[in-house]
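Working notes, structure below.
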Amino acid sequence: MKHNFKEIEPKWQKAWDDAHAFEAKNDYSKPKFYGLVEFPYPSGAGMHVGHIKAYSGLEVICRKRRMQGYNVMFPIGFDAYGLPTENYAIKTGIHPRQVTDNNIQKFTSQLRRVGFSFDWSRVVDTTEEGYYKWTQWIFRKMFDAGLVFRATTLVNYCPSCKVVLSNEDSQGGKCDICHSDIVQKSKDVWYLRITEYADKLLQGLDKVDYLPNVKLQQENWIGRSEGAFANFKLALDNAEIEDSLRIYTTRPDTMFGVTFMVIAPEHPVIEKYRDKITNIGALDAYKEECAKKTEFERTQLVKDKTGVCIEGLCAINPANGKQIPIYISDYVMMGYGTGAIMAVPAHDERDYEFAKKFGIDIIEVIKGGDIAKEAYTGDGEMVNSEFLNGITTKKEAIAKMLTFLAEKGCGEKGVQYKMKDWAFNRQRYWGEPIPIVHCQKCGMVGVPYEELPLRLPKVENFAPGEGGESPLAKIDSFVNCKCPKCGGDAKRETDTMPQWAGSSWYFLRYCDPHNTEEFASKEALNYWMPVDWYNGGMEHVTRHLIYSRFWHRFLYDIGEVPVDEPYAKRTAQGLILGPDGEKMSKSKGNVVDPNDVVDQYGADVLRVYTLFMGDYASAAPWNESSVKGVKRFLDRVAGLCDIAKGEGATAALESSFHKTIKKVSDDIEEMKFNTAIAAMMSLINEIYDAGTLTKDELGIFVRLLCPYAPHLCEEIWEFLGNTELCAFAPWPVYDESKTVDNTVEIALQVNGKFRGTIMVAAGLSKDDLLAAAKADAKFAAAIEGKTIVKEIVVPNKIVNIVVK
RNA sequence: GCGGAUAUGGCGGAAUUGGCAGACGCGCUAGAUUCAGGUUCUAGUCGGGGCAACUCGGUGAAGGUUCAAGUCCUUUUAUCCGCACCA
């Protein structure tokens, strides 16, 4: 048989479609398998080979599960709200709705060409009313639960996109969409209280099967730290007053070493005592200077500490009652802890640097370092610390200090997280409208559930306003409304939700995508959830993966979903680099278009190659020649039809078949697709060497390969006389006893040096093996006349004799 | 700065977890098929020495443990990724 992919690929894609072959059954009595891939953002550029690799991995797993008899759900959809579409629309004047529809169509036809076994009856599009109704519904539930709040704070703002970004969307001080520098801007922003879920998100990681680095990255992002809060009394003109400054520290044990305090330039205490501070002009100037710095300048140029001492206001160290100065400096940030710290220069590097620069006292309280040279952050004996003196463990010192603070009523244990609340609104058009109404009388009121979806109005002008307001603000008919509570005149919120909203729960919608009464029926959720295996990119670990776990956990807490963690298992694929070894990008001109590969070599080749090119989790460059090698392999598979004769097993190949079934079966479970394919290549080499195989054996081979190259395998399966689809043929089983050779090759060593091999029966005892080795003429000659010091015999492996 | 990962032929990568390093694929060399290009087939392909059987060396670098190390331990270098003044 010739491998005529241009003919057979469309043929079998049609056959699968006609049979609705891959639609998950609503038969809740069968064992289920829910395989999930990250649904694509339908960009104008079309599919990327990276998408193919990401989907091919779980495709193989899902196809194997079907052949093993599972009721498999392998859905796909489109995460279609977001800035790139909107920016493209603004540039071209085409409406985002139109752009989105075009792109979804493009993606759909490309995905179908590759022959993925997606359930096309469950497609979700986050921009459809029937979908975003429920995105708004969940938001409303969060609003009711007090998880939504509005606050004026310093936020990450992208001046180029004219939009407020969450912490997650501005990692490294760069805008996630356009990569320009983020500036800090004081703005009125909607927040989701994700920090309230920090502990739950952290603990949830204990019971799921995530790749270790995925887990670790989430732990670091959440960034839990244990320490203490303490209140430092303030003093005006050296006279103590009834007010204090609250700090957070992880080292309360060093409190006797506190020689000054530092607060963030924006700290409210400055405003409070504005009249009493004698150098307020200098403080204001410093604050303004800091505000002008970009995130980059604030974090990258950390060499030099800057700050200003507050005059007229100082603090009192609660440990020893000493008066200490307060500084403002941008190395302390308003967004973490309380925006104020107690500085212990002797035992903190940043405080040390600051104290050196400003000539502040440095008091050693832990022995062990040389504080004349640098801060000492290690353990040691406590000194200069009154009741802590002599203690040698940090744990004990902290406990004693906490007791002391508690007795004085000025401090207690506390926990902090690096993770910040989720800045949730975007001043843009192409997103879910936030279902909130602002009423003069009632304040913020949620749009009633029965009025959802709150439709995104169709507008002609969807460009963002210059003043940073949403395009929706210009539509009076949308903005002006009645308050759902009091019926008076009110105005709608005009910002929309961020791109990550729709993707925070899409895996739930797949379970029951056409439901108009609920986001999904309880029955469907009970059966399908949790997702058994979720594969996606590392770049989503500290965004989508955190956000969606948060939403899902919230839904669990209010009784809407049956399990607390949405994903039982999470893996990630490595990047495909350009042929030059660089990350693929349009500007470098090294992008490989999957369409071209399908045109030239076929979908099966594309699929097999993306899995064969290297370790699935690592990055690997595209190599055109290797693609040809895969084509050669599939052509040789097709050629097997011409030599397959008879039935049953071939004596020469039987053991190889059982070994290959075992290898391929096991490797798929560990996503070691490259070695599974290599094993099948080895087997085909053996078959051609033997020059013969039976039709039964070809049937086994084809079923093993089917998850990778389904079109060709269906064709051969049909050629073999089968009338049912290969996609649902039973997965081959192996006989363990037939995977074991009855003769094994034993390596012979003298003093650890290789001295030849012998063939012996498998399972020989140590004594027999040693005797067999000594019977080998060459080996015997090598130890002849020498004193044997030691004899090491490892059954079925090796004989090593140590001589003098 | 902190955290994590990786390092094996000309290239992508294997190595049953301490037991013959280099599976499989690409590339390359020689030969066959073909008018030719492509395709396909056969043989070879870690390095040094030898016609050869063989032999010596070899997994980023330096030490160590062991009968035996790509694999374990110590030190070190390079690259990649994540976080970053987190109190």
Side-chain angles (χ1 to χ4, degrees), chain A residues 171-173 212-214 216-221 223-225 227-228 247-251 254 261-262 264 295 298-305 329-333 335-344 348-351 353-354 416-420 538-539 541-542 574-575 577 581 608-609 612-615 617-633 635-636 639 662-663 666 672 674-685 688 745-757 778 789-794 796-803:
Chain A
Q171 297 183 26
N213 53 338
V214 169
L216 192 72
Q217 241 186 69
Q218 291 219 342
E219 279 166 6
N220 290 343
W221 188 257
R224 182 190 157 96
S225 96
I247 60 100
Y248 175 74
T249 180
T250 54
R251 298 297 302 272
T254 61
M261 295 184 80
V262 187
E295 189 74 18
R298 237 182 116 133
T299 56
Q300 299 296 309
L301 312 171
V302 296
K303 300 267 181 305
D304 220 17
K305 292 272 181 293
S329 172
D330 63 356
Y331 88 83
V332 173
M333 291 161 303
Y336 184 80
T338 62
I341 62 159
M342 61 175 218
V344 187
D348 180 281
E349 281 165 30
R350 292 149 305 170
D351 298 346
E353 206 183 311
F354 193 88
Q416 279 293 303
Y417 300 93
K418 285 188 202 172
M419 188 167 68
K420 300 199 170 75
M538 282 305 290
E539 69 274 19
V541 170
T542 51
L575 285 178
L577 306 172
V608 174
Y609 175 66
F612 181 63
M613 57 194 301
D615 174 30
S618 315
W622 187 268
N623 183 331
E624 176 88 24
S625 303
S626 289
V627 178
K628 287 182 189 159
V630 169
K631 174 73 165 55
R632 204 169 294 157
F633 166 57
D635 290 349
R636 275 158 69 82
K662 180 179 163 75
K663 176 82 178 152
D666 293 352
K672 290 164 80 174
N674 55 337
T675 50
I677 294 165
M680 290 187 275
M681 287 174 165
S682 290
L683 180 59
I684 206 172
N685 289 344
Y688 275 106
E745 198 178 26
I746 302 291
L748 304 179
Q749 296 183 341
V750 178
N751 290 346
K753 288 234 182 273
F754 178 66
R755 283 290 175 271
T757 60
K778 233 176 85 185
V789 180
K790 201 171 180 183
E791 294 171 332
I792 296 108
V793 183
V794 183
N796 291 339
K797 289 215 169 113
I798 202 161
V799 173
N800 184 17
I801 294 188
V802 185
V803 296

For [N] and [M], measure between their [atom1] atoms and round to the nearest Å.
N     : M     : atom1 : result
B/U40 : B/C51 : C1'   : 33 Å
B/G50 : B/G57 : C1'   : 15 Å
B/G49 : B/G64 : P     : 30 Å
B/C2  : B/G13 : C1'   : 32 Å
B/A14 : B/A78 : P     : 26 Å
B/A61 : B/G9  : P     : 10 Å
B/A23 : B/U76 : C1'   : 32 Å
B/A43 : B/A36 : P     : 23 Å

Mind checking salt bridge (charged side-chain N to carboxylate O under 4.0 Å, His left out) for [X] and listing every partner two or more places apart, or none if nothing turns up?
X        : answer
A/Glu349 : none
A/Lys420 : none
A/Arg224 : A/Asp199, A/Glu226
A/Arg251 : A/Asp253

Whole angstrom is fine here: how far is it from [atom1] in [X] over to [atom2] in [N]?
X        : N     : atom1 : atom2 : answer
A/Lys753 : B/C54 : NZ    : P     : 17 Å
A/Met419 : B/A84 : CE    : C1'   : 17 Å
A/Asp351 : B/A87 : CG    : C1'   : 7 Å
A/Glu791 : B/A68 : CD    : P     : 16 Å
A/Tyr688 : B/U40 : OH    : P     : 11 Å
A/Met342 : B/A87 : CE    : P     : 12 Å
A/Lys790 : B/A68 : NZ    : P     : 9 Å
A/Trp622 : B/G13 : CH2   : P     : 15 Å

Item checked: A/Tyr248 vs B/A87: side-chain N/O to OP1/OP2 distance below 4.0 Å ->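 No, outside the criterion.
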Note to self: So, using side chain to side chain contact (heavy atoms under 4.5 Å, CB included) as the criterion, who are the partners of A/Ser625 when residues are at least two apart?
What the structure shows: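 A/Ser625: side chain to side chain contact (heavy atoms under 4.5 Å, CB included) contacts with A/Asn623.
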Checklist line | A/Ile684: side chain to side chain contact (heavy atoms under 4.5 Å, CB included) partners, not counting sequence neighbours | finding: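 A/Ile684 satisfies side chain to side chain contact (heavy atoms under 4.5 Å, CB included) with A/Phe633, A/Arg636, A/Val637, A/Leu640, A/Tyr688, A/Phe701 once adjacent residues are dropped.
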Next item on the list: Keeping the roles fixed (side chain from A/Asp348, backbone from A/Asp351), state whether a donor-acceptor pair exists under 3.5 Å.
Entry: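 Looks like yes, one N/O pair under 3.5 Å.
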Notebook entry, point to check: Checking A/Asn674 side chain against A/Met613 main chain: does a donor-acceptor pair fall under 3.5 Å?
Noted result: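 A pair under 3.5 Å: no.
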Item checked: Check: A/Asp666 and A/Lys672 side chains under 4.5 Å, non-hydrogen atoms ->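 Counting from C-beta outward, A/Lys672 and A/Asp666 never come under 4.5 Å.
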Notebook entry, point to check: Looking across every strand, which nucleic acid part, if any, lies under 4.0 Å from A/Asp635 by heavy atom: base, sugar-phosphate, or nothing?
Noted result: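 Touches nothing.
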Check: Hey, does A/Lys663 reach any base, or is it just sugar-phosphate, or nothing, if we go heavy atoms under 4.0 Å?
Finding: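 Counting heavy atoms under 4.0 Å across all strands, no contact is made by A/Lys663.
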Check: Pick the nucleotide of RNA chain B nearest each of A/Asp348 and A/Arg755; which residue has the one closer to the 5' end?
Finding: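 On the 5' side of the pair lies A/Arg755.
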Check: If you pin A/Val802 and A/Thr249 to their nearest nucleotides in RNA chain B, which one's is more 5'?
Finding: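 First, find each residue's nearest nucleotide; the 5'-ward one identifies A/Val802.
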Item checked: ring pair (Phe, Tyr, Trp, His ring centres under 6.0 Å) involving A/Phe354 - partner list, sequence neighbours excluded ->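 A/Phe354 satisfies ring pair (Phe, Tyr, Trp, His ring centres under 6.0 Å) with A/Phe260, A/Tyr327, A/Tyr331, A/Phe358 only.
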Next item on the list: Go along nucleotides 17-25 of chain B 5' to 3' and tag each nucleotide: B for a protein heavy atom under 4.0 Å from its base, S when only backbone or sugar atoms are that close, - otherwise.
Entry: --BB--BBS
Margin query: Under a 3.5 Å threshold, yes or no: a donor from one side chain and an acceptor from the other, between A/Ser225 and A/Tyr248?
Written below: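 Yes.
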Notebook entry, point to check: Does RNA chain B take part in any stems of at least 3 consecutive Watson-Crick or G-U pairs (both distances under 3.5 Å), and if so, which ones?
Noted result: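 Runs of three or more consecutive pairs: B:1-7 with B:77-83, B:10-12 with B:24-26, B:27-32 with B:40-45, B:46-49 with B:54-57, B:60-64 with B:72-76.
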Notebook entry, point to check: Is there a donor and acceptor pair closer than 3.5 Å between the side chain of A/Lys305 and the base of B/C85?
Noted result: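 A donor-acceptor contact between them is present.
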Notebook entry, point to check: Would B/U17 be called syn or anti, given that syn covers angles within 90° of 0?
Noted result: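 In terms of base orientation relative to the sugar, B/U17 is syn.
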Check: Is the glycosidic torsion of B/G49 within 90° of 0, making it syn, or is it anti?
Finding: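 That one's anti.
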Polar atom pairs (N or O), protein with nucleotides 2-7 of chain B, under 3.5 Å:
none

Checklist line | Results of side chain to side chain donor-acceptor pair (under 3.5 Å) for A/Ser618 - residues two or more places apart only | finding: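 By the side chain to side chain donor-acceptor pair (under 3.5 Å) rule, A/Ser618 matches A/Asp615.
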Note to self: Can you list everything that forms a side chain to side chain donor-acceptor pair (under 3.5 Å) with A/Lys631? Sequence neighbours excluded, please.
What the structure shows: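 Testing A/Lys631 for side chain to side chain donor-acceptor pair (under 3.5 Å), a comparison that skips the adjacent residues, returns A/Asp635.
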